[in-house]
> 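Submitted below is the structure of interest, expressed as structure tokens.
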Amino acid sequence: MSTSPAHAPMDQFAHAEGELLIGGLPLSRLAARIGRTPFYACDRALISRRIKDLRALLPPQVKLHYALKANPMPALASHLAPLVDGVDIASGGELKLALDAGIAPRNISFAGPGKTEAELFQSVAAGILIHVESAREVHLLAQAARTLRLPARVAVRVNPDFELKSAGMKMGGGPKPFGVDAAQVPAILAEISAAALAFEGFHFFPGSQNLSSAAIIDAQQKSFALARKLAACAPGSAPIQSINLGGGFGIPYFPGEQRLDCAPIAANLATLVAQATQVFPHAELVIELGRYLVGEAGIYVCRVLDRKISHDQIFLVTDGGLHQHLPASGNFGQVLRKNYPVAIGKRMHEPPTETVTLVGPLCTPLDVLAQRIQLPHAETGDLVVIFQSGAYGATASPQAFLGHPPVTEVLV
Ligand SMILES: *Cc1c(COP(=O)(O)O)cnc(C)c1O
């Protein structure tokens, strides 16, 4: 027996007669309904349940935002709109998506290191909160406010002077293009005050894909403490209304990883809420989650086109590949390539019988979806499932590469 660590069980999905069910449908029936492979499918009931479970832990005062870039499928955005308190966007395109999905402008916030002049004007016209990341943005927003005769609602995105420990992707601490260094925040606040922008608070986002509740708690405590310190330099006129503590909640992708325990994070947030009522009586605490809300509810499904042996190794060649699922190929921020959890759609009950490498149709050795994994026997025509694919899938992949058609996405 191998002692290598296993993937966390993908027990969010049921199966019947050996076949995976999604949205209550056997996978092969869903594939027949869609009429083509590959496709992404997201289970709306799983997303609703994830949010319900998280809300049951979180203090009611904490606002839960969805980071749209994790999965901007319009049907999904519309499904999430009534379930979350707001949406975080990262471009003018996502602004349109969020507004189309029915999110109130008051509850939309915009972060990103390279906002264009057009995007900043659009944001002021829409009435959303802009997470300011440079002096240039302050000046453009002042122009937008004057031209449009509207308030420019801003919070300062802080590049904190600490890192999020154990994060899969660090986005704060040290030299970063994101946000304003903590040391430069007083100067930016002075500019915001001089430009008469509507200052509302602070935004922190130290990193992503973290499975350690202790590290997330540490970052949230340090962010809150930094907000208290920086608030001393805030424009005196308006009270602080919003402190966005970021997110970074991860999901288990790779062997040996376990699901994040949110209970201690929620307990820590309750402590911070109690402190906030003392020091920031008008502020709401916000967390913004992307993959944690949607990642586990989605699968990527492709079909085996060919089964080949090369030098004693079995290759399953599928119609899906890195052009549609870049993260599973390991080319979206992994240093050492690791396998996502994979299954053969109609053999959910069967133990693995062979070691195979799952590749896509592209003429590049990078097009590997899973390397030397143990699976039950699969033949040409079988459906292969890649789990944990509800976030950073279609829109995080170079779909036009090699001229393949775009992937289908459904919400079931
Ligand atoms: C990408 C991003 C998120 C979402 O990250 P996840 O890892 O999907 O939760 C949230 N906030 C900001 C500012 C981001 O850039």
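Values in this document were obtained by computation on a predicted structure and should not be read as measured data. Whatever order the structure lists ligands and atoms in, that order sets their numbers, starting from 1. Numbers here simply count residues along the sequence, with the first being 1.
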> Just need the protein heavy atom nearest to atom 7 (O) of ligand 1, so name the residue and atom and give the distance.
Ser208 OG, 2.4 Å
> Test your reading of the structure: does Tyr292 have an N or O sitting under 3.5 Å from an N or O of ligand 1?
no
> Near Ala67, which atoms of ligand 1 are under 4.0 Å from a heavy atom of that residue?
3 (C), 4 (C), 10 (C)
> Under 4.0 Å between a Lys/Arg side-chain N and an Asp/Glu carboxylate O for Arg55 and Asp85?
yes
> Does the side chain of Leu80 reach to within under 4.5 Å of the side chain of Val294, using non-hydrogen atoms?
yes
> Tell me: protein heavy atom nearest atom 9 (O) of ligand 1, and distance?
Gly290 N, 2.9 Å
> Side-chain contact test, heavy atoms from C-beta onward, threshold under 4.5 Å: evaluate it for Phe387 versus Glu296 and give yes or no.
no
> Is it the case that Gln388 and Gln12 place a side-chain donor and acceptor less than 3.5 Å from each other?
yes
> Which heavy atom of the protein is the closest neighbour of atom 1 (C) of ligand 1, given with residue, atom name and distance?
Lys69 NZ, 1.3 Å
> Heavy-atom contacts with Arg291 under 4.0 Å: which atoms of ligand 1 show up? List them by number with element.
6 (P), 7 (O), 8 (O), 9 (O)
> Does any N/O atom on His203 come nearer than 3.5 Å to any N/O atom on ligand 1?
no
> Under 3.5 Å between any N/O of Tyr392 and any N/O of ligand 1: does that happen in this structure?
yes
> Run the ring-centre check on Tyr340 versus His325 and record whether the distance is less than 6.0 Å.
yes
> Got a salt bridge between Lys69 and Glu94, using NZ or NE/NH1/NH2 to carboxylate O under 4.0 Å?
no
> Give me the residue, atom name and distance of the protein heavy atom closest to atom 12 (C) of ligand 1.
Glu288 OE2, 3.4 Å
> Indicate yes or no: does Lys346 engage Glu19 in a salt bridge with an N to O separation below 4.0 Å.
no
> Select the closest option to atom 10 (C) of ligand 1 among Phe205, Tyr66, Phe204, judged by heavy-atom distance.
Phe205
